[in-house]
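Okay, so here's the structure we're looking at.
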Amino acid sequence: MNEAVCIDCMEYMKNIPDNFFDLAVVDPPYFTGPEKRGYYGSKVSKIGVHRDYPLSPEWKVPDFDYFSELVRISKKYIVWGCNYYNVVFSPGRIVWDKCNPGSSFSDCEIAATNCHDSVRLFRYMWNGMMQGKSIADGHIQQGNKHKNEQRIHPTQKPVALYAWIFSKYAKPGYKIIDTHLGSGSSRIAAYDAGLDFVGCEIDKTYFDLQEQRFQAHISQQSLFVTGG
Ligand SMILES: C[S@@+](CC[C@H](N)C(=O)[O-])C[C@H]1O[C@@H](n2cnc3c(N)ncnc32)[C@H](O)[C@@H]1O
């Protein structure tokens with residue numbers, strides 16, 4: 001099973017039994033829509049990502065009820081942007097070093113997890129057209145821009161980040177949920193890893209874009225497998 005649902009994740013989670021998912025990997029918005037628009041400034045980024053999309057009126061920063069539901073439905077969690085929420089998480093942290101010193105964006109992003117108590121580091125370049133070469137050589141820039149991941153969402157995370165997460169934190173047969181799917185990077189990485197996956201995305205524009213991206217990915221994979 002690998003599916004995306006265009007729905008408010010609070011609505012989706014209501015109908016899910018306790019501990020149904022093995023792992024939740026989530027990246028909720030930490031700004032409301034209008035603040036976000038102001039924060040990102042121009043309507044189209046330098047690398048052509050549209051920021052002038054219609055924002056869903058239901059988009060809101062997750063509150064206590066969201067996190068209560070999340071820990072109810074999933075045995076383990078990885079919550080990106082944990083430093084922005086007034087919530088007490090388990091002590092484990094994952095730091096993603098974006099290898100972009102000098103940019104005005106954050107050098108790193110931080111996730112809270114109950115998968116371990118320690119702090120783990122993943123290095124993968126992610127700054128406009130500058131992207132990492134591979135999971136192993138993430139600190140080295142990909143030389144061939146044609147191999148760069150296409151950017152369709154202003155806060156898109158690389159597929160490589162999710163591929164690394166699943167290689168470390170998921171086991172075969174795991175059921176994964178991403179409550180805030182965005183560009184669908186997590187969905188693509190789960191598909192490649194052969195994991196069961198559900199993603200929720202409230203915004204129809206992004207839902208459609210991630211669906212196109214996912215379908216393009218799987219048809220490319222099947223061409224590769226069949227050699228066609
Ligand atoms: C920070 S972005 C996620 C980016 C994603 N990790 C990626 O790699 O592209 C948050 C996404 O959550 C969506 N969203 C906001 N509120 C939501 C809700 N209540 N339920 C489902 N999706 C929501 C937004 O439309 C946005 O696409």
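As the structure lists them, so they are numbered: ligands from 1, and atoms in each ligand from 1.
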Please list, in number order, the atoms of ligand 1 under 4.0 Å from a heavy atom of [X].
X: Ser183; answer: 7 (C), 8 (O), 9 (O)
X: Gly182; answer: 9 (O), 27 (O)
X: Asp203; answer: 25 (O)
X: Asp8; answer: 18 (C), 19 (N), 20 (N)
X: Ile7; answer: 20 (N), 21 (C)

Problem - Ion pair Glu211/Arg187, N-O distance below 4.0 Å - result: yes

Practice task
Inspect the contact between Lys175 and Asp22 and indicate whether a charged nitrogen and a carboxylate oxygen are less than 4.0 angstrom apart.
Solution key: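 Between Lys175 and Asp22 there is no salt bridge, as every charged N stays at least 4.0 Å from the carboxylate O atoms.
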
Handout entry: Proximity winner for atom 8 (O) of ligand 1, if only heavy atoms of Lys157, His153, Arg151 are counted
Key =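 The option holding the nearest heavy atom is Lys157.
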
Problem - Heavy-atom nearest neighbour of atom 13 (C) of ligand 1 within options Met10, Met13, Glu201 - result: Glu201

Handout entry: Heteroatom proximity flag, Pro28 to ligand 1, N/O under 3.5 Å
Key = no

Problem - Check: Gly184 N/O within less than 3.5 Å of ligand 1 N/O - result: no

Relative to the ring of [Y], is the ring of [X] parallel (under 30°), tilted (30 to 60°) or perpendicular (over 60°)?
X: Phe21; Y: Tyr12; answer: tilted
X: Tyr206; Y: His153; answer: tilted
X: Tyr85; Y: Phe89; answer: perpendicular

Practice task
Report the distance from atom CD1 of Ile78 to atom SG of Cys115, rounding to the nearest 0.5 Å.
Solution key: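 One gets 4.5 Å once the value is rounded to the nearest 0.5 Å.
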
Practice task
Please work out whether any backbone atom (N, CA, C, O) or any side-chain heavy atom from C-beta onward of Tyr162 is under 4.0 Å from ligand 1, and answer side chain, backbone, both or neither.
Solution key: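 Contact part for Tyr162 vs ligand 1: side chain (C-beta onward).
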
Practice task
Give the contacting part of Leu181 toward ligand 1: side chain, backbone, both or neither, where contact means a heavy-atom distance below 4.0 Å.
Solution key: backbone

Exercise for the section: Flag yes if more than 12 heavy atoms outside Lys147 fall under 6.0 Å of its NZ atom; otherwise flag no. Expected result: no

Problem - Qualifying residues under ring-ring contact (aromatic ring centres under 6.0 Å, His included), relative to His116, sequence neighbours excluded - result: Tyr169

